[in-house]
Protein chains: 2
Amino acid sequence: MAQKPATLKDVAAYANVSRATAARALNSYGYVGDETARKVHEAAEKLGYRGNRLAQALRNGQLPIIGCILGDIQNPFFARIAHDIEVLARKYRYNLIIGSSEEDLEQEVSLLASLQSLSIRGFIVAPTSDENTFHLERLIEENVPLVLIDRVVKGIECDSVVVDNEGGARKAIEYLIAMGHRRIGLLQDDTRIFTSRERLSGYQSALMAGGITPDDAMISVSQSTVEHAIDATIRLFSQKTPPTALFTVDSLMTQGALLAFRAMGISIPHDVSLVGFDDFNLATFTDPQITVVAQPVSEIGLAAARLLFEKLSGQSSPPQQIRFETKLLIRGSVSRRPEG
Amino acid sequence: MAQKPATLKDVAAYANVSRATAARALNSYGYVGDETARKVHEAAEKLGYRGNRLAQALRNGQLPIIGCILGDIQNPFFARIAHDIEVLARKYRYNLIIGSSEEDLEQEVSLLASLQSLSIRGFIVAPTSDENTFHLERLIEENVPLVLIDRVVKGIECDSVVVDNEGGARKAIEYLIAMGHRRIGLLQDDTRIFTSRERLSGYQSALMAGGITPDDAMISVSQSTVEHAIDATIRLFSQKTPPTALFTVDSLMTQGALLAFRAMGISIPHDVSLVGFDDFNLATFTDPQITVVAQPVSEIGLAAARLLFEKLSGQSSPPQQIRFETKLLIRGSVSRRPEG
DNA sequence: AGACCATGTGAGATCGATCTCACATGCATT
DNA sequence: AATGCATGTGAGATCGATCTCACATGGTCT
């Protein structure tokens, strides 16, 4: 026989008071006599009473849950972000619902709608694309606290936390050019993704600043998984005149490229040089160690969560845009190439 | 001016019907006239009506949310599991709340209580320890669907999905012994964690079966993070007579050990042999490639989620225990050691 | 004595949804 | 005509909590 959880009504009956009195005693508002309060607390403990948050939220407005819609938590970048947000949420006695958009706009829209119908109090979203921003606009209209993370969306005026993707990509390409590379490949994500576009832009502008005309044959598109990146790298380096260097736009793709090179018998940095965007645990343990553009992962999730909780605590401030710098960590995966 | 979401009451007023009729029309139960239903649907669309799930859940019992309490989603093993559970949950139109116990029992208890007060419908839990199982027992008493994952707890009769940890550890140690190693180190997690205990047990029984007396000086305890594992490995290999081989009990610790060895100028497999529990993306790209005990990560989360949804769909079956086998993947991180 | 305030309590309304059942209409059957 | 059934509608109850305000008591001040 399943035991039905005790309700406030049960507690009130056990303590021989009204529900209103029981609620006052348990939540310390209004007036309650000392003796009455003692009896109510005793009853609550005896019955294992645990207030129903749904009922509370229905009366008062919202559940203590924030929603977080990221690309895919299998990506160590997003896993770290989700972890940091959860830690701060726990501190504020909130629970965190994490959804993975898997970089699919429809899924992002669907997830957001689903979470809103749950009366979720606020959202941290890594928007998939800005083809359609109605769902985000609607959040703004309804005054729902929203923080965009990793990517921003034109026309959505709200708090955001991003990294200088363009500058980071530019640093990588400038470094490859300085090392003599002219045919520089790019392993990139879907250009509907904001970060992907910025990294492409940094790639292209650095090429042009170095007097190199960008060439589509140097670019291979991949989803952000190791498996897809292996395929995309193989495609890129199977062509007649392959790149002499490769820039990969996230750590899973970097790892995929490494595996593809190994499968193709391509040696780094002897045959091909490699620079990856974002650091990862074993970048300094591979042979050779991988040169990366590092972003301050440990700062990003915390910054976004802080912004959200400021808003949730009722503070009404203008939208803040936080932008973190990247840093080029030169290791051993780039070799100098003669001018030819 | 924030727009308050439309309620059923608004829709009913707009369509000039009662709330009961509006509800019937929108949810297709009971009787509603065709014309009436048309007017109601029109009103709902016009007002952007989105039913309040809290109110529904309060009336009907529970929210479409399942809770998942894992060790730490930064661990790729748990990230993969969480991802797979979320994918299946989405298919069943559920949302997933992920909490990280961080292998702290109090935090696990607190998270569970918090989620229960939200009327969460079911739980997948990787229990931290079995020192105190009251919180899990209470779930069973209240007939809340529960699936234990990765670890089980004595005395808790419910669905579970685990891996043969003991057998996996035994395979690793047997292999190291067969390669001539007698001083075999163990980098392990807190023994309150079920998997940790099983892996220790496999380690010890394989040693004894090989005629080797287990020695506490060969064991170093670490939390399951790269940073902690670096420290623990350095401690273990700084002693007078260090091990000739090391078994690490999860992929983050394996990576930490690699980094520690590199810092200490220890060469694998020349100076020390290494076997890790659980495979990871770059295990085949490090120099040397790492020998690992692989577990079927892609199966575990799905199996647990399937069990949970069976229970949630009302099926009343006896508790099922699913146990997956591990597989030793021999690569290049173990060298043969002479009998001395 | 009357007015005002503080303290304490409980009935009933509220939150937004679903559900129940009384009532109404129309049709078919006896 | 009476009865039974199907269809359709709406008032009010329910879910479990919080909130409001009427009522009661006691004390203080004018």
Side-chain angles (χ1 to χ4, degrees), chain A residues 2-41 43-44 47-65 113-114 116-121 142, chain B residues 2-41 43-44 47-65 113-114 116-121 142:
Chain A
Q3 303 205 21
K4 194 173 81 57
T7 65
L8 184 72
K9 186 173 169 183
D10 301 324
V11 174
Y14 197 91
N16 223 32
V17 297
S18 74
R19 290 168 301 136
T21 301
R24 275 194 298 264
L26 293 175
N27 301 301
S28 306
Y29 65 85
Y31 299 106
V32 193
D34 291 344
E35 176 61 17
T36 303
R38 192 192 57 77
K39 280 180 10 188
V40 171
H41 278 101
L47 297 177
Y49 172 70
R50 182 170 48 204
N52 185 324
R53 289 292 185 80
L54 299 195
Q56 289 171 13
L58 187 59
R59 187 67 169 82
N60 283 348
Q62 293 177 312
L63 287 171
I65 303 183
S114 176
Q116 270 187 286
S117 74
L118 293 172
S119 293
I120 302 293
R121 307 196 81 149
E142 296 179 7
Chain B
Q3 304 203 18
K4 194 172 84 51
T7 65
L8 184 72
K9 187 174 170 182
D10 300 325
V11 173
Y14 196 92
N16 223 28
V17 297
S18 74
R19 290 168 302 132
T21 302
R24 274 193 298 267
L26 292 177
N27 301 300
S28 306
Y29 66 85
Y31 300 106
V32 192
D34 290 345
E35 177 61 16
T36 302
R38 192 191 59 75
K39 281 178 11 187
V40 170
H41 277 100
L47 297 177
Y49 172 70
R50 183 168 52 206
N52 185 325
R53 288 294 184 82
L54 298 195
Q56 290 171 13
L58 187 60
R59 188 66 170 81
N60 283 348
Q62 293 176 309
L63 287 171
I65 303 182
S114 176
Q116 270 187 286
S117 74
L118 294 171
S119 292
I120 303 293
R121 306 195 82 147
E142 297 180 7

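Lettering follows sequence order; numbering is per chain, from 1.
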**Message:** Treating A:Asn52 as the side-chain partner and A:Leu54 as the backbone partner, does any N or O pair qualify as donor plus acceptor under 3.5 Å?
**Reply:**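 Flag set: sc A:Asn52 to bb A:Leu54 pair under 3.5 Å.
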Find the distance [X]:[atom1] to [N]:[atom2] and express it as a whole number of Å.
X: B:Arg53; N: C:dT18; atom1: CZ; atom2: P; result: 10 Å
X: B:Leu63; N: D:dG16; atom1: CG; atom2: C1'; result: 13 Å
X: A:Gln56; N: C:dA17; atom1: CD; atom2: P; result: 19 Å
X: B:Arg19; N: D:dT14; atom1: CZ; atom2: P; result: 14 Å
X: B:Lys9; N: C:dC15; atom1: NZ; atom2: P; result: 6 Å
X: A:Leu26; N: D:dT18; atom1: CG; atom2: C1'; result: 12 Å
X: A:Tyr49; N: D:dA17; atom1: OH; atom2: P; result: 4 Å
X: A:Asn60; N: D:dG16; atom1: CG; atom2: P; result: 17 Å

Residue [X], side-chain atoms from C-beta onward, closest of [options]:
X: A:Tyr31; options: C:dA6, D:dT18, C:dT18; answer: C:dA6
X: A:Ala20; options: D:dA11, D:dT9, C:dA11; answer: C:dA11
X: B:Ser18; options: D:dA6, D:dG10, D:dA17; answer: D:dG10

Do the side chains of [Y] and [X] get nearer than 4.5 Å, heavy atoms only?
X: A:Arg121; Y: A:Ile65; answer: no
X: A:Val17; Y: A:Val11; answer: no
X: B:Leu26; Y: B:Leu8; answer: yes
X: A:Pro64; Y: B:Leu118; answer: yes

With a cut-off of less than 4.0 Å, is there a side-chain N or O of [X] near OP1 or OP2 of [N]?
X: A:Asn27; N: D:dT18; answer: yes
X: B:Thr36; N: D:dG8; answer: no
X: A:Thr21; N: C:dG10; answer: yes

**Request:** Report which part of the nucleic acid A:Gly30 touches: base, sugar-phosphate, or nothing (heavy-atom distance under 4.0 Å, all strands).
**Result:**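 Touches nothing.
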**Request:** Between B:Arg24 and B:Leu58, just flag the one whose closest nucleotide in DNA chain C comes earlier from the 5' side.
**Result:**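 Nearest-nucleotide comparison on DNA chain C picks B:Leu58.
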**Message:** For B:Arg59 and B:Val17, find the nucleotide of DNA chain D closest to each by heavy atoms; which residue's nucleotide sits nearer the 5' end?
**Reply:**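 So the residue in question is B:Val17.
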